[in-house]
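Note that the structure is a prediction, hence the values are computed from the model and not measured. Throughout, a chain's letter reflects where its sequence line sits, starting with A, and its residues are numbered from 1.
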2 protein chains.
Amino acid sequence: MSSAIRNRMQLHQQNIQSVLAEVFNHQPISRIEISRNLALNKSTVSALYRDLKEQGYVEELGEGDASNVGGRKPVLLAINRRYGYTMNFDFGYRHLHVMQNSLSGDVLSYRQVDVKGLKIKQILPLIDHELETASAKDNTIHGLLGISFAIHGTVDQNQVTYSPFLDMEHVDLADYYTQNYQVPVLLENEANVSAVYERDFNKENDHLENMVSISIHRGIGAGLIIDQKLHRGAHGEAGEIGRSVSIDGNWDGAPRKVEDYCSEDAIINQIQDEKQASNMTRDDVVRLFNEGDEITKTALDTFVKSVAGIIYNAANNYDPDIVFLNSPLLEVLPELEPRIEEFYAQMAPSIRVPIKLTQNSHHATLLGGCSLVTREALGMEDAKLNFSAQTATI
Amino acid sequence: MSSAIRNRMQLHQQNIQSVLAEVFNHQPISRIEISRNLALNKSTVSALYRDLKEQGYVEELGEGDASNVGGRKPVLLAINRRYGYTMNFDFGYRHLHVMQNSLSGDVLSYRQVDVKGLKIKQILPLIDHELETASAKDNTIHGLLGISFAIHGTVDQNQVTYSPFLDMEHVDLADYYTQNYQVPVLLENEANVSAVYERDFNKENDHLENMVSISIHRGIGAGLIIDQKLHRGAHGEAGEIGRSVSIDGNWDGAPRKVEDYCSEDAIINQIQDEKQASNMTRDDVVRLFNEGDEITKTALDTFVKSVAGIIYNAANNYDPDIVFLNSPLLEVLPELEPRIEEFYAQMAPSIRVPIKLTQNSHHATLLGGCSLVTREALGMEDAKLNFSAQTATI
DNA sequence: GATTAGTTTGTTCAAACAACCAACTCACAA
DNA sequence: TTGTGAGTTGGTTGTTTGAACAAACTAATC
């Protein structure tokens, strides 16, 4: 109610943002095309564009092709490639993933830093080092625009509220980096940023209103896009589907959670126990599976069925247009995916939601974070923005 | 993007609607108060109000009290009580519930019509009769404004897609009543309208962004309010939590659904089977429970634990600000509610969502439908409207 | 000449503003 | 007790403002 547009000034601001969003989403684009897309008069678009150019957000790329029946060539407009950049991090179990992105989401650099076994206070200097390296090489006008962190755990009010494998030791990332770099700093759950990635970086998903991105790593969580918006819930815990318990009339003993049965960790541990092995990794599971090991095949069969069940439950809970699976185990064993589909089809004979695997899950989380923090930097949290994610050199 | 306000005309229309919404939500209210609430100049509000008055939506009620430091008395404005009315129906298993409501949601009449065992084509004439009775007594300007139906089943695109106990025999309610009465006709799932009721008719819930209203009747479903909006999902099947299956590593045999274990029907059938009785009703269960019957106590104990589990899972899935329970069985056995809370507290030791019972679930579904169809009649689907639900006589 | 892209200049109209009137409270004096 | 005037609030009227618009222009192409 109070956020609605009510006077000409607010209307003007919104129209400026609409033009910026058009440039963002369809660059390179001409003024006349923006005018047509937004149903705004071309002189109005020209005026609004002038404002944006004065603020440095946009630039002219040169002339496009004229129409084949004659007429002046359009001037192609785009987001200013030298406006600034964001730095995006993903706290993985083994690696800290680091990505530098341009304002429009192009990948400027990506690298992994080994952090296995390190404590959070040992990781902070590594992050600072990455930020300084990026800053040293930079030649943009405004430099660093924002920092995002993908968290394998829950986040509320920009604070980590639950972190299963990295002890945060009361370190306040948001506070530390806003103090030191004077830019927006954003923490977000890894499944949530993956979902944002699917919404913003994938042109095919452009018209979809509701998406569920299920992450199966050491735990299980879902990122929810509802009405094109990330749904975090009241405490940032929406989509914590791994904590669900079975409702089957049997309440003897403590109820066990979904992720106790079919997270990647649970599967590896199960195989490990049955084979009386230790320190097994995902690669060992792949090797055993390819060798035709029966215990592994049985365990992965259960995994397949459980994932199908999780998808079925998610479809009943959220009724999305599409479900994404974000699982390193499935990335290395893609032959399991058709069997998940098959089993899911058996469970849901009528309406079935399409299932897709997210490729390169680390890129997805970094780019999702990039989208969120870029929006914050631009003050365009709720606009529809399509990012490009081309690997570009400025 | 295309629905955003971009020009003065759209701005003007929106501001008119904002003023109408203010009158709706705070009636009786003065112009100056609207002006303050909306941060619009008082002369602007006066002009916008004039438009609304010309269209008959609003009326002046008389003068209010002057402030205690002096000054002119305000003129109190309200929604025109004689503008029109809506008719709202709930297809229960035993009864057809009928409610006539004023534009601002006041209850003009309510009655139940016995329909147990009747087929849909025998119910239609009863509905027509109700519509005609209301029309005959009516003395409003526009008369019937819209019709809503609460459906115990799923609805997509205003069509019943699944109806567990009433065979729809391909009757198209929306088509039939729009043709015959030339007003908006709206079908909506019963859990969804209950959720809308909690959002729009309960002042305490005014500031809540996310709510889950769990209906436990013959099946189990949840109505979801997410970011103050009803979330229906891609096919109107969001919140069909009763269909969820257990993920516990055991995939022998066909997976059983939540509602096979703890819907009201399931509980009654279980007691019935164990007691080798037949045709048991809810009242029989209450009687047995009060008599201290062990089988009933055990069954209801499982019910309590299962409902706690369902709430726990809903909290993990949606992370709402509040959960409402909508269950006739709990309405007649309110002593079970504290035990649900207790068991839920055991499952979720840290963040716990508040739980409330919806009183008079039939009123809730009818009023929820009233809200939805009234919004449609006013073309204000997305506005924040608070309805009053006072039993009024015009 | 026909067509398209973009600019300039002047118009439009809903919201904001300023000045006003209407109607009230309160304090204080007669 | 009554009357009066200062101060306050609600609402209206007439004017100004400014962002979007429209039309007429220039520019550049087929």
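Within the structure, salt bridge (Lys or Arg N to Asp or Glu O under 4.0 Å) contacts touching residues 366-377 of chain B (residues at least two apart or in different chains) are B/D200-B/R375. The stretch residues 5-50 of chain A participates, sequence neighbours left out, in these ring-ring contact (aromatic ring centres under 6.0 Å, His included) pairs: A/F24-A/F387.
Side-chain N/O atoms of A/R72 and base N/O atoms of C/dA5 include a donor-acceptor pair closer than 3.5 Å. Judged by distance alone with a 3.5 Å cut-off, no donor-acceptor contact links the side chain of B/K73 to the base of D/dG10.
Out of D/dG10, D/dT12, C/dA5, the shortest distance to the side chain of B/P74 is found at D/dG10.
Axis deviation across the helix from C/dG1-D/dC30 to C/dA30-D/dT1 amounts to 10°, comparing end segments of five pairs, rounded to 10 degrees.
B/A47 is linked by a side-chain contact (heavy atoms from CB on, under 4.5 Å) to B/R50, counting only residues two or more places apart in sequence or in another chain. Take B/K229 and apply the salt bridge (charged side-chain N to carboxylate O under 4.0 Å, His left out) test, not counting sequence neighbours, and it matches A/D227. With sequence neighbours excluded, the residues satisfying side-chain hydrogen bond (donor to acceptor under 3.5 Å, both in side chains) with B/N192 are B/E188. Every residue two or more places apart in sequence or in another chain was checked for a side-chain hydrogen bond (donor to acceptor under 3.5 Å, both in side chains) with A/N158, and none qualifies. Residues passing the salt bridge (charged side-chain N to carboxylate O under 4.0 Å, His left out) test with A/E63: none are found, sequence neighbours excluded.
Taking atom CD1 of B/I34 as the reference point, atom P of C/dA15 lies 14 Å away to the nearest angstrom. A/Q10 has its CD atom 16 Å from the C1' atom of D/dT17, to the nearest Å. Distance B/R31 CZ to D/dG10 P: 12 Å, rounded to the nearest Å. Regarding A/I32, its CD1 atom lies at a distance of 11 Å from the C1' atom of C/dT7, rounded to whole Å. Per the geometry, CD belonging to A/E63 stands 8 Å off P belonging to D/dA28, to the nearest Å. Atom pair A/L38:CG and D/dC21:C1' shows a separation of 15 Å (rounding to whole Å applied). At whole-Å resolution of the value, NZ in B/K42 and P in C/dA19 are 13 Å apart.
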Practice problem: May I have the step-by-step check of salt bridge (Lys or Arg N to Asp or Glu O under 4.0 Å) for B/R232 and A/E209, ending in yes or no? | Solution: CA-CA 11 Å; B/R232 309 190 70 261; A/E209 297 289 319; over 6 Å; no
Self-check item: Candidate pair B/N88 and B/N101, rule side chain to side chain donor-acceptor pair (under 3.5 Å), full reasoning
Solution: CA-CA 8 Å; B/N88 305 289; B/N101 296 83; 2.9 Å; yes
Enumerate the protein-to-nucleotides 18-20 of chain D contacts in which both atoms are nitrogen or oxygen and the separation is below 3.5 Å.
| unit_1 | atom_1 | unit_2 | atom_2 | d |
| --- | --- | --- | --- | --- |
| D/dG18 | N2 | A/R8 | NH1 | 3.2 |
| D/dG18 | N3 | A/R8 | NH1 | 3.2 |
| D/dA20 | OP1 | A/N15 | ND2 | 2.7 |
| D/dA20 | OP2 | A/H12 | ND1 | 3.2 |

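No contact: A/V45 has no heavy atom under 4.0 Å from any strand. A/S43 comes within 4.0 angstrom of a nucleotide base, judged by non-hydrogen atoms across all strands.
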